[in-house]
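Chain naming here is simple, since letters A, B, ... match the order of the sequence lines and numbering starts at 1 in each.
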Amino acid sequence: MGSDRPKKYEKLIINNKRLDGRTLDELRPVKIEVGVIPSADGSAYIEIGNTKVLAAVHGPKEMFPKHQMNENRAVLNVRYAMLPFSTTERVRPGPSRRSNEISKVTRHALESVIFLEEFPRLAINLTLDIIQADAGTRATAITAGAVALAHAGIPMKSLVAATAVGKIDGKLALDLNGPEDNFGETDMPIAMTSTDKNITLLQMDGDFTKEEFKKALGIVKNSIEPLFEAQRKALQDYYK
Amino acid sequence: MGSDRPKKYEKLIINNKRLDGRTLDELRPVKIEVGVIPSADGSAYIEIGNTKVLAAVHGPKEMFPKHQMNENRAVLNVRYAMLPFSTTERVRPGPSRRSNEISKVTRHALESVIFLEEFPRLAINLTLDIIQADAGTRATAITAGAVALAHAGIPMKSLVAATAVGKIDGKLALDLNGPEDNFGETDMPIAMTSTDKNITLLQMDGDFTKEEFKKALGIVKNSIEPLFEAQRKALQDYYK
Amino acid sequence: MGSDRPKKYEKLIINNKRLDGRTLDELRPVKIEVGVIPSADGSAYIEIGNTKVLAAVHGPKEMFPKHQMNENRAVLNVRYAMLPFSTTERVRPGPSRRSNEISKVTRHALESVIFLEEFPRLAINLTLDIIQADAGTRATAITAGAVALAHAGIPMKSLVAATAVGKIDGKLALDLNGPEDNFGETDMPIAMTSTDKNITLLQMDGDFTKEEFKKALGIVKNSIEPLFEAQRKALQDYYK
Amino acid sequence: MTILQQNKQYITENIAKSRDDGRKHDQTREISIETGILGKAEGSARVQIGKTEVIVGVKVDIGTPFPDTPKSGVLMVNSEFSALASPEFENGPPREDSIELSRVVDRGIRESNTIAVEDLCIEPGEKVWMVFVDINITNHDGNLIDAAGMAAIAALMSAKVPKINEDGTVNRDGEYKGSLPVKDIPVPVSVGIINSTMIVDATKLEEQCIDSRITITTTKAGNYCAMQQAGSHETTEEQILKIGEIAQKNGKERRLIIEKSVKK
Amino acid sequence: MTILQQNKQYITENIAKSRDDGRKHDQTREISIETGILGKAEGSARVQIGKTEVIVGVKVDIGTPFPDTPKSGVLMVNSEFSALASPEFENGPPREDSIELSRVVDRGIRESNTIAVEDLCIEPGEKVWMVFVDINITNHDGNLIDAAGMAAIAALMSAKVPKINEDGTVNRDGEYKGSLPVKDIPVPVSVGIINSTMIVDATKLEEQCIDSRITITTTKAGNYCAMQQAGSHETTEEQILKIGEIAQKNGKERRLIIEKSVKK
Amino acid sequence: MTILQQNKQYITENIAKSRDDGRKHDQTREISIETGILGKAEGSARVQIGKTEVIVGVKVDIGTPFPDTPKSGVLMVNSEFSALASPEFENGPPREDSIELSRVVDRGIRESNTIAVEDLCIEPGEKVWMVFVDINITNHDGNLIDAAGMAAIAALMSAKVPKINEDGTVNRDGEYKGSLPVKDIPVPVSVGIINSTMIVDATKLEEQCIDSRITITTTKAGNYCAMQQAGSHETTEEQILKIGEIAQKNGKERRLIIEKSVKK
């Protein structure tokens with residue numbers, strides 16, 4: 001947040017439009033494809049703006065290692081990884097502290113909608129590979145993960161989609177892209193259920209007054225629907 | 001041993017007194033408190049001079065991993081660690097070759113007085129965190145560990161306490177402090193049982209003639225009693 | 001391959017003789033001794049030129065960790081390691097990507113001649129320590145490994161020996177030594193069975209035309225016999 | 001049913017009416033903070049919230065800046081869950097929880113600009129101050145993030161910057177240039193939701209009954225600078241907004257305790 | 001017998017006559033190559049052989065040369081077997097196979113002098129180009145080495161070298177000096193032997209029946225530049241020589257597909 | 001009772017009268033030392049004590065001094081317990097024992113000032129000699145520390161320091177400046193106590209019966225420079241003093257063997 005800005009990003013909002021032409025409460029273009037990984041039980045490919053993610057589900061299957069088994073419900077394992085070539089600076093392969101934390105919050109974001117109790121002692125493994133990163137990788141991964149789980153036939157109460165709302169040049173804006181994330185003041189990733197718009201992921205970095213926070217939550221709630229539509233359409237297209 | 005000395009440590013002994021005012025066979029001030037960690041089965045906090053250690057015992061409890069279980073007796077696991085902020089230069093978190101070796105000799109120093117055969121197949125876990133290090137951390141940890149084991153109700157034949165005897169400016173001195181350890185010639189950590197003054201830990205670095213060695217052992221034997229008294233008092237105070 | 005050559009290696013072949021006096025299809029001197037490691041079930045020490053390798057076999061014995069057990073046959077575990085002092089530049093202790101790959105191809109090179117199906121659920125462990133490295137360490141290790149397996153009484157269809165054939169100064173040459181490996185164009189390690197001269201290891205780096213490749217294979221086939229003889233003699237000498 | 005399961009059921013069923021230890025839903029256990037407790041660290045603090053205890057040490061050293069930020073010092077927050085603190089930490093500490101805790105504390109400090117890394121520059125591109133904040137859990141009875149967050153900021157506020165010797169090394173003889181420049185007092189407040197009831201400062205036993213935990217860090221100005229939701233249950237917008245208010249109120253109270261502890 | 005065992009038995013018994021998917025013994029599944037698919041990598045390619053899919057990204061950065069080769073840049077080939085790609089990769093990826101794959105691909109490129117590391121020198125002893133070739137398996141249906149090898153060379157051929165900014169850093173705004181100098185097109189061809197029958201481009205199921213696998217990499221000139229045998233069965237000299245010919249023929253065909261994919 | 005247990009019982013009961021292999025209590029098995037056995041190491045030695053065998057290689061290289069000791073070279077002692085040497089080393093080597101062994105050997109060398117690190121300075125703050133002493137256990141039949149300690153000092157005494165090339169790199173063509181400056185000959189002697197009986201040079205089987213092991217390293221002058229007690233039994237002051245005398249006597253004898261091995 002707030003490092004030295006190159007000239008071309010001196011202003012991120014001009015005439016209430018952002019540099020990529022979007023309005024302040026507009027999502028980036030979204031594209032979702034289902035069933036892209038034949039050997040997985042469920043899979044999805046997603047593009048949100050320039051962020052590209054592959055999601056695959058294997059399971060429900062035997063838990064390994066066994067001592068992590070839960071007698072009463074399935075365990076959801078989530079592995080989020082930025083591939084080495086996904087960003088401007090090469091990412092060292094292997095888990096990092098950042099990817100560990102994101103795997104955890106992503107797991108929490110999706111667990112609440114899965115009927116895990118239907119598969120005691122089993123594991124559901126969700127792998128999320130960030131192919132290309134341009135802000136919002138965890139939100140994009142969650143949106144893809146929910147589709148891959150549905151495609152795998154895992155019973156779910158609801159879909160989940162995620163995006164971010166932030167503050168750039170002092171104004172609230174939905175679904176930050178790369179430069180907006182780098183040079184903006186605040187970033188708040190949020191995941192919501194499709195049924196009730198309940199919140200399953202909430203993180204925030206930066207600065208929000210109480211009023212800004214309330215308004216930011218409202219923007220997401222009012223503008224997230226296209227993500228659910230894209231999820232449903234991708235699943236319908238697959239089964240057509 | 002023997003690196004360049006700053007001016008203030010040019011002489012470590014003046015008129016048979018050390019820089020902190022102690023005589024050559026005098027222990028540093030000792031303070032022990034029992035039961036400082038509520039969630040542990042036994043615990044102790046100790047200060048010996050400026051060295052500060054926390055000790056906690058969990059167990060006897062199920063052994064993990066199972067394949068390290070001993071059919072005939074309990075296994076004592078000892079984890080000695082210098083916390084990152086315990087010394088002038090920050091210590092990298094995680095085990096080191098040094099802490100591995102000290103964990104081993106500390107385990108040996110305490111095993112001989114525990115009736116391990118009373119708890120076949122179980123584990124007794126002793127954690128020793130060095131909060132602040134000013135020479136003698138392993139000796140101080142052993143002294144604290146014995147108290148924590150007693151507080152946990154582990155049956156023991158005897159208490160064990162430890163200190164060091166060294167050679168500074170050519171003279172034998174008991175319980176070296178930081179500068180004495182850094183600029184002295186020899187350091188010999190020793191642990192003894194309270195009942196027979198038998199030796200359960202012996203290490204030595206530096207230079208001792210046969211006569212110095214004999215004299216050094218005698219100094220410890222004659223001057224270690226205050227440590228046992230402090231241990232007993234701490235345990236009594238706790239149960240008062 | 002092909003880095004800047006010091007003066008003394010400007011020519012690797014003079015009058016059809018190599019710098020160490022060998023002809024192009026001549027092996028380096030070989031020396032094998034059996035039973036050098038008393039605590040192992042089978043062992044061998046080998047020198048091929050200046051390359052020196054210790055091989056030891058433990059087993060057949062219980063598999064650890066158990067989940068790698070094979071119900072139908074023994075598992076051959078191979079550990080190839082360059083000791084830290086084996087080369088001009090010190091080698092960091094511990095497995096590397098290179099040693100991992102070599103352990104794998106070495107395992108493959110030997111598995112085909114062992115009656116693994118005679119020992120279901122068990123492990124045969126082969127350790128190969130490179131004491132001194134002067135080209136051909138994997139080939140030398142395979143030749144030693146086969147002898148150690150035989151010495152351990154593991155039933156085998158055939159012996160296996162390995163060497164390399166390469167291209168130096170444009171000509172095919174057998175069993176490259178250190179400078180020939182460093183300054184030559186091509187290196188092809190090969191392992192063969194003693195019974196049928198079948199191939200159980202083949203790797204190649206460099207440049208071979210189809211004709212060179214065929215000729216290279218022929219050179220090995222025609223000149224490898226002394227290695228089998230040395231293996232047999234070492235085993236006979238041991239049992240004498 | 002195991003005793004633990006019985007306890008959990010009891011707590012879950014009764015939480016709307018009363019808490020196990022008699023506290024009000026928005027009541028924090030007694031907080032005690034002591035700073036300057038460690039002789040070899042440039043800053044330090046011990047925080048106790050009920051039986052939960054955390055020690056933080058701050059080490060200040062000279063290092064080289066990262067190539068892409070030549071004028072910025074380095075702030076590192078690390079945490080270790082010592083096997084001392086809980087029987088559950090013995091078979092390997094909970095890596096994921098430990099990473100999350102340190103990252104949430106780190107973000108609170110970083111995003112509130114409490115430590116401006118530009119202030120830590122000594123010589124651009126060559127030498128900067130490196131500030132290590134090491135969190136050590138000493139006893140775990142719940143609410144570790146709040147305890148760690150308070151201990152971290154108290155330790156930073158108590159920290160001194162050493163003088164630099166003539167040969168460019170850090171003076172380790174106890175001579176200081178002054179205090180570490182600390183601009184804000186970020187305070188994390190974690191709220192647990194059990195069966196739709198919101199509680200502040202959950203004990204370890206209560207945490208085992210929690211559906212969701214939301215941590216919100218507030219600044220002196222009362223603004224939000226970091227948030228983190230955990231747990232596998234949904235929360236509603238209304239709950240989140242309410243938690244924001246709880247965090248402001250409790251954050252303010254705790255900030256006073258922190259300020260007092262550093263002054264004395 | 002499990003279904004897998006039945007499948008394996010069926011394949012093994014019938015392979016001399018016919019392959020499961022009707023292909024001829026020396027026939028490769030349909031190959032599709034797309035380059036320039038990644039916006040943040042200097043070079044990239046996706047290769048599909050049947051259902052097998054591999055993505056390779058090439059990152060180009062400035063670094064310091066190794067002390068013993070001050071005039072040489074650095075080429076690094078790395079591979080990750082993502083848990084995405086196969087149920088077998090989930091309990092820890094097959095480290096040994098992953099290392100072997102990247103080393104075989106690396107040797108094909110290195111030994112054919114495709115990238116001359118001397119061409120990557122910027123300032124001897126000080127600054128060189130570092131080229132990272134990262135292989136990611138996206139779906140595993142057999143023949144990973146061939147797919148990875150083709151993707152790696154296609155990605156390198158499509159790669160650009162960034163301009164250097166005035167302050168010596170890499171230009172990351174999409175301004176390029178030109179293409180990465182690529183001198184050859186090494187192509188690995190793997191041949192599996194099942195019951196003495198040689199097959200090209202084995203599927204995952206076929207690979208489970210394989211006695212031996214020999215991979216031979218050929219250059220534009222049709223020469224061999226790298227070989228690797230795997231599997232615990234012996235092969236004969238005749239088989240190896242035959243496989244050399246198969247590798248030449250198939251290598252030539254695949255090279256054309258690669259060249260076409262990069263030109264478009 | 002297993003055979004091992006029967007053996008242990010037999011040894012324990014009879015040790016006061018006689019040892020399994022007929023040796024006297026203070027008698028060491030036959031020692032054989034050979035130096036200069038490795039062509040690529042600057043120094044090397046193989047030590048056999050009975051069936052126990054240890055190889056040590058010394059590598060000498062140029063490196064940068066640690067910032068806090070700019071005028072001192074670096075001495076590193078490392079040990080690997082190869083899976084070769086014992087069936088017990090196969091499921092992961094005994095890390096703790098390996099660390100202890102190398103640290104006890106290291107302390108013997110370091111505390112006796114055998115290698116004065118100041119003598120290893122080439123250019124203060126810039127370049128120093130780094131001496132790596134790598135211990136490799138080849139066959140384990142007990143008394144590893146003594147064998148390793150003897151091999152380490154013999155290898156150091158046989159070690160040469162390479163010439164430095166004009167470009168500042170180490171000459172690796174076998175041209176040497178001279179011997180490594182070695183000032184003392186520290187010798188560790190380990191004494192085991194079984195049922196109050198003290199024995200020197202325990203075999204692996206005897207080690208399994210040992211209550212305590214005390215290792216004392218002596219210098220040429222007969223002084224003690226390093227000690228290490230192991231084992232979970234108490235020892236008395238009298239025992240320790242007696243062991244000191246045993247270490248002096250045996251150390252003197254072994255020192256002669258080492259000296260002879262290096263001279264020839």
Q: Who among B:E111, B:E212, B:Q203 has the most heavy-atom pairs with chain F under 4.5 Å?
A: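 Most heavy-atom pairs within the cutoff with chain F belong to B:Q203.
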Q: Quick check on B:K221 against chain F: is it the side chain, the backbone, both or neither that has a heavy atom closer than 4.5 Å?
A: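 The side chain, not the backbone.
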Q: Side chain, backbone, both or neither: which part of F:Q248 has a non-hydrogen atom closer than 4.5 Å to chain B?
A: side chain
Q: Under a 4.5 Å heavy-atom cut-off, does chain F meet the side chain of B:R98, its backbone, both or neither?
A: both
Q: In terms of heavy-atom pairs under 4.5 Å, which option from B:M192, B:K210, B:K214 contacts chain F the most?
A: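 Between B:M192, B:K210, B:K214, the count favours B:K210.
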Q: Below 4.5 Å, heavy-atom pairs only: which of F:S102, F:G244, F:C225, F:A230 has the largest tally toward chain B?
A: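 Maximum pair count with chain B is reached by F:C225.
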Q: With the threshold set at 4.0 Å, does a side-chain nitrogen-carboxylate oxygen contact exist between F:K249 and F:E253?
A: yes
Q: If I measure from the heavy atoms of chain F, does B:L202 come under 4.5 Å with its side chain, its backbone, both, or neither?
A: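 Both backbone and side chain.
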Q: Count the heavy-atom pairs under 4.5 Å between each of F:I240, F:T218, F:D68 and chain B, then report the option with the highest count.
A: F:I240
Q: Would you mind checking which part of F:D97 comes under 4.5 Å of any heavy atom in chain B, side chain (CB onward), backbone (N, CA, C, O), both or neither?
A: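 For F:D97, heavy atoms of backbone and side chain both lie under 4.5 Å from chain B.
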Q: Do the non-hydrogen side-chain atoms of F:V182 and F:I153 ever get within less than 4.5 Å of each other?
A: yes
Q: What distance separates F:I135 CD1 from F:I145 CD1, expressed to the nearest 0.5 Å?
A: 10.0 Å
Q: Looking only at heavy atoms and a cut-off of under 4.5 Å, which of B:I199, B:L110, B:V160, B:N198 has the most pairs with chain F?
A: B:I199
Q: Less than 4.0 angstrom from a charged side-chain N to a carboxylate O is my criterion; do F:E88 and F:K204 meet it?
A: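 Salt bridge between F:E88 and F:K204, a charged N being under 4.0 Å from a carboxylate O: yes.
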Q: So, F:E100 and B:K104, do they make that salt bridge, N to O below 4.0 Å?
A: yes
Q: Mark yes or no: B:K167 above the aromatic ring of B:F208, with NZ or CZ under 6.0 Å from the six-membered ring centre and no more than 45 degrees from the axis.
A: no
Q: Check this for me: does any side-chain nitrogen of one of F:D119 and F:K183 sit under 4.0 Å from a carboxylate oxygen of the other?
A: yes
Q: Under 4.5 Å from any heavy atom of chain F, what part of B:T193 do you find: side chain, backbone, both or neither?
A: side chain
Q: Taking the basic N atoms (NZ, or NE/NH1/NH2) and the acidic carboxylate oxygens, is any pair closer than 4.0 Å for B:E101 and F:R107?
A: yes
Q: Please state whether the side chain, the backbone, both or neither of B:M188 comes within less than 4.5 Å of a heavy atom of chain F.
A: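 When you check distances to chain F, only side chain atoms of B:M188 fall under 4.5 Å.
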